[in-house]
Amino acid sequence: MGTAFGTFGELLQGVLPEEDGDFLVTLPVARWTMATFRREPGSGDVVVRPAGKTKALRLARTIGESAERGTGVPVGGTLHVNSVIPEGKGLASSSADLVATARAVGRALGVAMPPSRIERLLADIEPTDGVLYPAIVAFHHRTVRLRAVLGSLPVMAVVGIDEGGSVDTVDFNRIPKPFTPADRHEYARLLDRLACAVRRRDLAEVGRVATRSAQMNQLLRHKWSLEPMREICREVGGLGVAVAHSGTTLGILLDTADPSYTQRVSAAAQACGELTGGVTVYRTLSFPGGAGLSGGASLPVGAAGVATRPA
């Protein structure tokens, strides 16, 4: 068995002033994918249930073929992928499917699956979120590599709405980015601000950075409800607005430790419901000790976000 969490879009996503500068910062939430893989002796193929999880099937077969080359024993079996993460909404459903699959198949075959190996496997399939790391991370999603582990934050609520429809992540990442050199430098400053805010556990600053990122993303994928959501956020005393930059969802961030949290979340949910007719309240994940996780040491982002993971 293998599991992976989803995200509520991203706290920040854009392009840095460097080669292959596309990046995002994850916002992990308590929505999960669970994959199970059962080997079936005598079967020379891998099948997946449900049948539509073709990317997970491709990954499972790749891992199985690699194991077969090492042992000479054909790998066959059934992969089951169960998820409560909505698809096509920008909540990292596909990334969670793939990470959970890699972990499940690896465990079944006795093949270690550290994050660096999962990154290499996923890079051949599609742009990927950073959900393989139990922390808030800066991640180069197009080249599938960790940039920096930023750490962890106290639990927040996200009062989320969905504008409808769906977005194909692969197609979205083919769109040319209309960001100017000035925009790229602003993204670098925002990444530095966010790294400092996570380190200080400053939720108000996290909310400000998330809101600015949502505004800048309007050039790339416009969301008609962003300004109404910002107004609701101001009215209820929220921290800011986070969006799925390549998806259809937006959410108001709230501090669950705030003494007025119950009133704020009720008011936000009511106002958001009036805006779109449907509301989902998510909880973000907190990771005690996340900045020291194995498989990727904490890295300083530094001026203009230039730090990268060692090879």
Side-chain angles (χ1 to χ4, degrees), residues 5-13 24-32 84-86 89-92 129-131 134-137 150-163 190-191 193-218 223-245 247-288 290:
F5 55 79
T7 68
F8 191 91
E10 301 80 23
L11 287 171
L12 174 63
Q13 182 170 323
L24 57 79
V25 176
T26 56
L27 179 56
V29 293
R31 292 288 190 277
W32 304 87
V84 295
I85 307 170
K89 304 298 182 181
L91 305 182
D129 214 316
V131 299
I136 294 171
V137 300
L150 303 189
S152 185
L153 287 170
V155 174
M156 293 181 286
V158 188
V159 182
I161 65 169
D162 180 5
E163 290 190 340
L190 289 170
L191 179 54
R193 284 175 56 189
L194 185 55
C196 290
V198 174
R199 188 165 57 248
R200 297 193 308 264
R201 300 168 73 85
D202 183 348
L203 295 183
E205 176 70 348
V206 168
R208 286 189 288 267
V209 171
T211 301
R212 179 58 184 153
S213 185
Q215 290 175 294
M216 293 181 71
N217 195 63
Q218 291 290 76
K223 292 180 171 58
W224 65 264
S225 61
L226 177 58
E227 289 309 311
M229 287 289 281
R230 290 185 64 205
E231 180 59 30
I232 294 170
C233 184
R234 285 189 290 266
E235 290 175 354
V236 304
L239 300 164
V241 176
V243 304
H245 292 70
T248 64
T249 51
L250 306 84
I252 294 170
L253 301 174
L254 296 170
D255 181 359
T256 59
D258 187 322
S260 301
Y261 166 71
T262 300
Q263 291 83 359
R264 295 187 198 280
V265 73
S266 297
Q270 179 175 345
C272 290
E274 293 171 358
L275 183 64
T276 61
V279 177
T280 303
V281 179
Y282 298 79
R283 286 291 185 110
T284 67
L285 294 173
S286 189
F287 303 94

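We use all heavy atoms of the structure for the numbers below, so side chains are in, but hydrogens, waters and symmetry mates are not. Index from 1, following the sequence.
In this structure, C272 and V159 approach most closely via the heavy-atom pair SG-CG1, 4.1 Å. Annotation for G90 and A244: closest pair O-CB, 3.5 Å, computed over non-hydrogen atoms. C233 and V241 get closest at one heavy-atom pair: CB-CG2, 4.1 Å. The minimum heavy-atom distance linking A135 with P28 is given by the pair O-CG, 3.8 Å. Taking every heavy atom of both residues into account, S286 and V155 meet most closely at CB-CG2, 3.9 Å. The minimum heavy-atom distance between G240 and T211, with the atom names listed, is CA-OG1, 3.3 Å.
You'll find the side chain of V209 stays beyond 4.5 Å of the side chain of L11, heavy atoms only. Residues D129 and E10 are in side-chain contact: their nearest non-hydrogen atoms beyond the backbone lie under 4.5 Å apart. A 4.5 Å side-chain heavy-atom check between L275 and E231 finds every atom pair outside the cut-off. Side-chain contact between R212 and R193 is absent, with no heavy atoms from C-beta onward closer than 4.5 Å. By the 4.5 Å heavy-atom criterion applied to side chains, M156 and L203 are counted as neighbours. Counting heavy atoms from C-beta outward, V206 and L194 have side chains that approach closer than 4.5 Å. Counting only heavy atoms from C-beta outward, the side chains of D162 and T276 never approach each other to under 4.5 Å. Side-chain contact between F8 and T249 is present, with at least one heavy-atom pair separated by less than 4.5 Å.
Rounded to the nearest 0.5 angstrom, R208 CZ and L190 CG are separated by 12.0 Å. Taking CG from L24 and CG from L12, the interatomic distance works out to 8.5 Å, rounded to the nearest 0.5 Å. Considering CD1 of I232 and CD of E227, their distance stands at 11.5 Å, rounded to 0.5 Å. In this structure, CG in N217 is found 9.5 Å from CG in L226, a value given to the nearest 0.5 Å. Atoms CG and CG, on D255 and L153 in that order, are 10.5 Å from each other to the nearest 0.5 Å. The CD atom of Q218 sits 10.5 Å away from atom OG of S213, with the distance rounded to the nearest 0.5 Å.
The pair E163-K223 does not meet the salt-bridge criterion, since no charged nitrogen lies less than 4.0 angstrom from a carboxylate oxygen.
For Q263, the side chain to side chain contact (heavy atoms under 4.5 Å, CB included) partners two or more places apart in sequence, or in a different chain, are S260. Q215 pairs by the side chain to side chain donor-acceptor pair (under 3.5 Å) definition with nothing, not counting sequence neighbours.
Ring geometry, F5 versus F287: the interplanar angle falls from 30° to 60°, so the pair is classed tilted.
R264 contributes a side-chain N or O that, together with a main-chain N or O of V236, makes up a donor-acceptor pair within less than 3.5 Å.
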Q: Carefully, step by step, assess M229 and V243 under the rule side-chain contact (heavy atoms from CB on, under 4.5 Å).
A: CA-CA 10 Å; M229 287 289 281; V243 304; over 6 Å; no
